[in-house]
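The structure presented is a predicted model; accordingly, all values stated were derived computationally and were not measured. We number each residue from 1, following the sequence as shown.
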Amino acid sequence: MPTLFPRLDHAAAVRAWERTNRPDMKGGRACAAQRERAMTGRRRVKMYIASVAAEFARSLSAVRSPGDLKDALVQACGEMGLGYFALSHHVDFARSPDAMRIHNYPETWEDWYLANRLGLCDPIHRASHVVARGFYWHEVPRLIPLNRHDYHVLEKGRHAGLGDGVTVPAHVPGEARGSCTFVVPRGAELPEDVLPWAQIVGMGAFEGARNLRRSTDRHDRPRVSERQRQCIALAGRGLSDRSIAQRLGIGVQTVMEYMRDARARLGASNRTQLVVCLLAAGELCIDDLAPLAF
């Protein structure tokens, strides 16, 4: 696969910073000027890593398939000194086989993970549900209480070759929760400054995967009219057909026909399912369902 993204020579960037960080041995302490140079060099490394990560996220428009996205993430991880990644929805994959899951984890770990249906109870996934930022795996015991099974899962991961990691949550209302994770092989250390890099790359990659799904779904998914969407939103706020008709200035029979046609289009059997369908499609948001003030 041709190189789609700019190459990050992370090791060279760190060596450049270290050259500026050499202490003045006179008196055993670095002078103020050297400390300032060291801080400046450190800031430059961070800015460089952030700029490359941002360029990766922008360049995801070149991705046309899940295979392209996987190749791009493999390349990005290799250049950052990481071994593994997993971009995933947090679901039971036995029941949701079409959910997003793109990764390069060891096959033994993948087989055990799926056999034990860990998509919903994975401790890393659960930790990502309580924060709105990327986090290191060593933070997990402070984010959620861990039980014996959780420690067993983490230990199985280590035996499969997974080391320390960093996870970026990706939660969109109306969709399954998800995340993008980057991991070093067991025995290796996470690169410095990996968290801001992971935050940018992880969110960009997850949105890239969502765009791929939308490009295939939007052609097949039935749509409702704007008037039907308004009726369903008001129904989700608890209004009856008569109240919806009064608020929209249309007849009760018209409202009933709108709702009947929408159920037929979306394959829904009741109002609740209509609301859920529109939430999942992004045609309604939670604010659309806030109680009305009378």
Side-chain angles (χ1 to χ4, degrees), residues 57 60-61 63 66 69 87-102 119-120 125-126 128-134 168-180 199 202-294:
L60 284 172
S61 59
V63 167
L69 180 56
L87 186 157
S88 174
H89 275 143
H90 301 170
V91 299
D92 180 350
F93 291 96
R95 294 187 176 184
S96 304
D98 295 329
M100 288 195 308
R101 183 159 174 79
I102 302 172
L120 289 171
H125 288 181
R126 296 198 334 265
S128 76
H129 299 168
V130 300
V131 292
R133 60 169 178 83
V168 179
H171 307 320
V172 179
E175 299 182 13
R177 290 172 171 174
S179 61
C180 194
Q199 190 81 41
M203 292 304 297
F206 199 91
E207 185 60 21
R210 292 182 68 242
N211 287 337
L212 290 174
R213 287 170 61 90
R214 283 198 295 266
S215 66
T216 56
D217 291 346
R218 67 167 58 100
H219 302 297
D220 302 325
R221 181 169 53 83
R223 302 290 298 272
V224 297
S225 68
E226 177 58 24
R227 196 55 125 177
Q228 286 173 321
R229 193 195 72 81
Q230 292 173 344
C231 291
I232 295 169
L234 291 171
R237 291 181 167 189
L239 272 64
S240 66
D241 288 344
R242 184 172 298 278
S243 297
I244 293 172
Q246 291 174 348
R247 183 166 286 270
L248 296 180
I250 58 179
V252 177
Q253 189 64 34
T254 302
V255 172
M256 295 173 65
E257 291 175 0
Y258 280 149
M259 300 294 278
R260 187 182 304 115
D261 180 65
R263 288 196 298 272
R265 290 190 189 189
L266 301 178
S269 59
N270 53 50
R271 292 174 173 230
T272 301
Q273 289 185 3
L274 279 176
V275 172
V276 172
C277 285
L278 263 61
L279 281 171
E283 296 187 43
L284 287 180
C285 66
I286 298 300
D287 289 344
D288 292 324
L289 307 179
L292 291 169
F294 292 93

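Within the cation-pi definition used here (under 6.0 Å to the ring centroid, within 45° of the axis), R227 does not qualify as a partner of Y258.
A pairwise comparison of heavy atoms in P169 and V131 identifies CG-O, 3.8 Å as the closest pair. Across all non-hydrogen atoms, the minimal contact from A262 to V224 is CB-CG1, 4.1 Å. Residue S179 comes nearest to F206 through the heavy atom pair N-CE1, 3.7 Å, listed as atom of the first residue, atom of the second, then distance. Heavy atoms only, all atoms of each residue included: L266 and C277 are closest at CD1-CB, 4.0 Å. Considering all non-hydrogen atoms of both residues, V275 and G236 come closest at CG2-CA, 3.8 Å. Here the closest heavy-atom approach between residue V91 and residue A176 is recorded as CG1-CB, 3.7 Å.
Annotation: the span from L278 atom CG to Q273 atom CD amounts to 12.5 Å, rounded to 0.5 Å. Once rounded to the nearest 0.5 Å, the distance linking CG of L69 with CE of M100 reads 9.0 Å. The CG atom of L120 sits 8.5 Å away from atom CZ of F93, with the distance rounded to the nearest 0.5 Å. The structure places CD1 of I232 at 11.5 Å from CG of D288, a figure rounded to the nearest 0.5 Å. Put simply, CZ on R247 and SG on C231 are 12.5 Å apart, with the number rounded to the nearest 0.5 Å. The line from CG of D261 to CE of M256 is 13.5 Å long, rounded to the nearest 0.5 Å.
The aromatic rings of H90 and H129 sit tilted relative to each other, their planes meeting at an angle between 30° and 60°.
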TODO: Please assess L274 against R263 for the test side-chain contact (heavy atoms from CB on, under 4.5 Å), listing each intermediate value before the final yes or no.
DONE: CA-CA 7 Å; L274 279 176; R263 288 196 298 272; 3.6 Å; yes
- [ ] Any chance you could lay out the side-chain contact (heavy atoms from CB on, under 4.5 Å) test for Q199 and M203, step after step, and finish with the verdict?
- [x] CA-CA 6 Å; Q199 190 81 41; M203 292 304 297; 4.3 Å; yes
TODO: Run the numbers on E257 and R260 for salt bridge (charged side-chain N to carboxylate O under 4.0 Å, His left out), then give the verdict.
DONE: CA-CA 5 Å; E257 291 175 0; R260 187 182 304 115; 5.3 Å; no
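Residues passing the salt bridge (charged side-chain N to carboxylate O under 4.0 Å, His left out) test with R237, sequence neighbours excluded: none. The salt bridge (charged side-chain N to carboxylate O under 4.0 Å, His left out) test applied to R271 returns D241, not counting sequence neighbours.
Summarising the local packing, CZ of R242 is surrounded by 12 or fewer heavy atoms from other residues, nucleotides or ligands at distances under 6.0 Å. Heavy-atom neighbours of R95 CZ from other residues, nucleotides or ligands within 6.0 Å: at or below the threshold of 12.
A donor-acceptor pair is defined here as one N or O able to donate and one able to accept, closer than 3.5 Å; no such pair exists between the side chain of H125 and the backbone of R177.
Tested against L239 for a side-chain contact (heavy atoms from CB on, under 4.5 Å), the candidates L234, V255, L248 yield a single pass: L234.
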